[in-house]
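Computed over heavy atoms, backbone and side chain alike; hydrogens, waters and symmetry mates excluded. A, B, ... follow the sequence lines: proteins, then strands. Residue 1 opens every chain.
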Amino acid sequence: MSDPIIFHIDVNSAYLSWEAAYRLQKGAQLDLRQVPSVVGGDSQKRRGIVLAKSIPAKSKFKIQTGELLSSARKKCPDLFVVPPNYDLYLRCSNAMVELLYEYSPFIQRYSVDEVFLDFTNMEKQFGDYLTAANTIKARVKEELGFTVNIGIGPNKLLAKLASEFKKPDRVHTLFPEEIPTKLWPLPVGELFMVGRATEKKLLDRGITTIGELAKTPRNKLKLWLKSHGLLIWDFANGIEESSVRPEGFPMKGLGNSTTTPENVADKETARLWLLSLTEKVSSRLRDAHCYAQVVNLSIKTSQFISYGKQKKLLNPTNSTKVIFETGKKLLNELWDEEEPLRHIGISLSSLSSSKSYQLSMFDKLSIDTDSEESFYKAIDKIRAKHGETSLIRSCFLHSTVPPLAGGVDAEEEYPMMSSLL
DNA sequence: TCTGGGGTCCTAGGACCC
DNA sequence: TCTGGGGTCCTAGGACCC
């Protein structure tokens with residue numbers, strides 16, 4: 001049994017690269033990657049933030065992901081801004097994953113633009129890991145038109161950290177013996193799972209680099225940051241043992257939320273948005289053959305204060321109606337119409353793959369009937385075949401609220417990351 | 001950085017039970 | 001009525017990731 005070799009493949013400026021590659025294919029003269037450019041949301045709809053930036057936008061104008069478009073334009077008046085096209089990104093991502101499967105059956109989609117690949121024992125077939133990684137990188141560039149960084153390490157954590165080194169279009173390794181020179185000098189905030197809050201706590205205690213974190217006694221971290229302290233101490237020392245997770249790993253929850261183009265001031269409109277969001281999320285739930293037992297409603301006021309409220313149901317459900325009715329109750333309890341809303345979301349958790357009837361004398365009425373389920377599934381089918389708006393509720397007819405709001409038009413669901421990679 | 005949308009995991013307090 | 005302790009479930013919120 002040979003030592004584990006893990007690859008982490010990371011698409012360089014993913015949304016922007018894909019957008020650029022697509023436009024070139026369509027005959028565009030300009031390569032977005034060569035000029036200051038960003039993929040950004042619609043300012044008119046209050047989603048005006050930078051989702052991805054080109055390297056010139058970053059290095060010459062210090063434009064950052066998550067920044068307001070207005071701010072980015074101030075930094076660079078000639079900034080090229082293109083709207084996002086999630087459908088395209090998913091297709092690009094799928095094409096890359098398909099190519100990667102040629103090199104190993106053990107693939108984990110970590111996000112739309114990041115993939116882990118277990119290369120252990122694959123040397124005999126594809127040559128040593130460096131050669132293989134360079135081949136993969138070159139093939140993606142040639143056949144798909146975008147560049148990737150590939151990080152190689154003995155576990156997923158080190159592979160991922162290695163892929164963050166110099167970009168774009170590079171292969172890097174990070175093996176245990178390289179940790180002191182390649183990892184430890186970096187600022188502690190660059191460590192995976194050290195975000196803003198944790199970074200501040202560490203800086204306050206005089207820990208500025210990953211190396212300093214690694215050399216701090218482990219029990220101090222436990223005292224300061226509980227289990228999260230132990231996690232990042234392990235990470236600073238390169239310790240991480242999770243396996244490359246196969247596909248079909250069960251989802252834990254799913255949600256749909258949106259920032260409304262205008263503030264919502266009345267319950268009637270808020271309920272319409274809620275219904276619209278529920279239509280989509282419950283349809284995705286049915287698509288995944290899941291039932292949810294917890295419904296969570298979240299709102300954000302015009303003052304950017306967030307509130308959430310959740311309710312556990314007696315029985316798991318996938319019924320649009322049950323989820324909507326629950327959401328409505330939660331909205332009533334959560335919001336008194338004092339302050340207008342800018343954001344509404346509904347999410348579902350405690351998922352199960354079957355509706356286990358927990359029959360009691362009192363909850364007969366709460367159980368969804370099979371005929372109701374077939375009814376919703378029939379609607380899903382019609383919408384899948386003829387388009388989302390082929391069948392809509394009449395209450396949306398004379399409303400500015402879209403009948404199915406929010407979300408990305410993902411064709412398939414795949415489970416997201418956890419802190420355990 | 002005056003702030004999108006999709007996720008996962010952890011913690012802490014209260015209710016309730018023995 | 002003051003005081004114990006352990007366990008589980010539910011809920012709200014925060015931290016992190018892309």
Side-chain angles (χ1 to χ4, degrees), chain A residues 8 10-11 13-15 39-43 45-53 62-72 74-75 83-84 86 89-90 93 109-115 156-157 160 163-164 189 191-201 225-232 235 242 245 249-261 277 280-281 284 293-313 330 333-334 342-351 405-410 413-421:
Chain A
H8 179 254
D10 187 335
V11 180
S13 330
Y15 289 4
V39 176
D42 186 347
S43 295
K45 291 184 174 167
R46 309 200 292 186
R47 292 178 199 142
I49 64 158
V50 174
L51 298 164
K53 70 237 176 249
K62 308 276 176 254
I63 290 169
Q64 297 185 355
T65 305
E67 184 173 352
L68 280 178
L69 274 186
S70 53
S71 151
K74 244 176 245 167
K75 290 179 183 174
Y86 296 105
Y89 309 154
L90 198 60
S93 175
R109 281 179 99 134
Y110 177 74
S111 72
V112 73
D113 63 337
E114 291 182 37
V115 179
K156 282 159 60 178
L157 173 79
K160 182 164 166 55
S163 71
E164 302 289 314
L191 184 62
F192 181 66
M193 290 306 286
V194 176
R196 279 229 326 242
T198 305
E199 181 184 25
K200 186 180 182 311
K201 286 177 195 168
L225 303 170
K226 312 271 169 68
S227 66
H228 192 241
L230 297 178
L231 182 80
I232 59 173
F235 284 4
S242 72
R245 201 198 261 169
F249 201 81
M251 245 187 327
K252 296 284 167 62
L254 72 171
N256 190 14
S257 65
T258 194
T259 295
T260 53
L277 290 162
K280 214 160 187 171
V281 79
R284 282 207 283 146
Q293 208 177 352
V294 172
V295 176
N296 185 314
L297 183 96
S298 59
I299 56 174
K300 181 151 60 181
T301 67
S302 54
Q303 302 301 305
F304 288 94
I305 302 167
S306 299
Y307 304 92
K309 197 160 170 55
Q310 69 181 52
K311 176 105 191 109
K312 188 175 169 110
L313 306 173
L330 291 169
E333 292 163 21
L334 197 58
R342 69 137 36 209
H343 181 100
I344 303 175
I346 184 148
S347 62
L348 309 169
S349 51
S350 282
L351 304 188
V408 291
D409 301 309
E413 306 284 341
Y414 45 87
M416 292 289 291
M417 54 130 334
S418 72
S419 57
L420 301 172
L421 292 170

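- Comparing A/H343 and A/G66 by the nucleotide of DNA chain B whose heavy atom lies nearest to each, the residue mapping closer to the 5' end is A/G66.
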Can you pull every protein N or O that's under 3.5 Å from an N or O on nucleotides 14-16 of chain B?
none

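- The residue A/T259 sits close only to the backbone: its heavy atoms come under 4.0 Å of sugar-phosphate atoms, none of a base.
- When the C1' atom of B/dC2 is taken as reference, atom CD1 of A/I49 falls 12 Å away, rounded to whole Å.
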Worksheet item: Where each pair must be Watson-Crick or G-U wobble with both distances under 3.5 Å, what dot-bracket representation of DNA chain B is obtained, with crossing pairs in [ ] and other-strand partners as |?
Response: ....||||||||||||||
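- In this model, the phosphate group of B/dG4 is approached by a side-chain N or O of A/R342 to a distance below 4.0 Å at OP1 or OP2.
- Annotation: A/K75, atom NZ; neighbour count of heavy atoms from other residues, nucleotides and ligands within 6.0 Å is above 12.
- Residue contacts shown for A/Q64 are absent, as no nucleic acid heavy atom lies under 4.0 Å away.
- Among the atoms of the strands shown, none is found under 4.0 Å from any heavy atom of A/G41.
- Of the listed nucleotides (B/dG6, B/dG7, C/dC17), B/dG6 has the atom at the smallest distance from the side chain of A/S257.
- For A/L254, the listed nucleotide lying nearest its side chain is B/dG7; candidates were B/dT1, B/dG7, C/dC18.
- Taking side-chain N and O atoms only, A/K160 has no distance below 4.0 Å to OP1 or OP2 of C/dC17.
- Among the nucleotides C/dC17, C/dC18, B/dG4, the one closest to any side-chain atom of A/M193 is C/dC17.
- Here A/K300 pairs with nothing under the side-chain hydrogen bond (donor to acceptor under 3.5 Å, both in side chains) rule; sequence neighbours left out.
- Checked against side chain to side chain contact (heavy atoms under 4.5 Å, CB included), A/S302 has the following partners two or more places apart in sequence or in another chain: A/N263, A/E339, A/P340.
- Looking at residues two or more places apart in sequence or on another chain, you find a side-chain hydrogen bond (donor to acceptor under 3.5 Å, both in side chains) between A/S163 and A/H8.
- If you measure from atom CG of A/L157 to atom P of C/dC17, you get 12 Å, rounded to the nearest angstrom.
- In this structure, A/S257 OG and A/I344 CD1 are separated by 10.0 Å, a value rounded to the nearest 0.5 Å.
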Under 3.5 Å, N/O pairs linking protein and nucleotides 8-11 of chain C:
residue: C/dC10; atom: OP2; partner: A/K312; partner atom: NZ; Å: 3.3
residue: C/dT11; atom: OP2; partner: A/K312; partner atom: N; Å: 3.3

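- A/K62 is linked by a salt bridge (charged side-chain N to carboxylate O under 4.0 Å, His left out) to nothing, counting only residues two or more places apart in sequence or in another chain.
- Legend: residues meeting side chain to side chain contact (heavy atoms under 4.5 Å, CB included) with A/H228, ordered by chain and number and at least two apart, are A/M193, A/T198, A/L231, A/I232.
- The side-chain hydrogen bond (donor to acceptor under 3.5 Å, both in side chains) search around A/R47 returns A/T258, not counting sequence neighbours.
- Applying the side-chain hydrogen bond (donor to acceptor under 3.5 Å, both in side chains) rule to A/T259 yields the partners A/H343; only residues at least two apart in sequence or on another chain are considered.
- With hydrogens and angles ignored, the 3.5 Å screen pairs a side-chain donor or acceptor of A/N256 with a backbone N or O of A/L277.
- Rounded to whole angstrom, the span from the NZ atom of A/K156 across to the P atom of C/dC17 amounts to 16 Å.
- Nearer the 5' end of DNA chain B, as judged by each residue's closest nucleotide, is the contact made by A/K300, out of A/K300 and A/H228.
- Listed pair A/N256 / B/dG6 meets the phosphate criterion, a side-chain N or O lying under 4.0 Å from OP1 or OP2.
- A sub-4.0 Å separation between OP1 or OP2 of B/dG5 and a side-chain N or O of A/T258 is present.
- Nucleic acid contact class of A/G48 (heavy atoms, under 4.0 Å, all strands): none.
- In this structure, A/S306 reaches neither bases nor backbone, as no heavy-atom distance under 4.0 Å exists between it and the strands shown.
- Shown here are the side chain to side chain contact (heavy atoms under 4.5 Å, CB included) partners of A/K200, two or more places apart in sequence or in another chain: A/D204.
- Not one side-chain nitrogen or oxygen of A/S347 sits closer than 4.0 Å to the OP1 or OP2 atom of B/dG7.
- The side chain to side chain contact (heavy atoms under 4.5 Å, CB included) search around A/T65 returns A/K53, not counting sequence neighbours.
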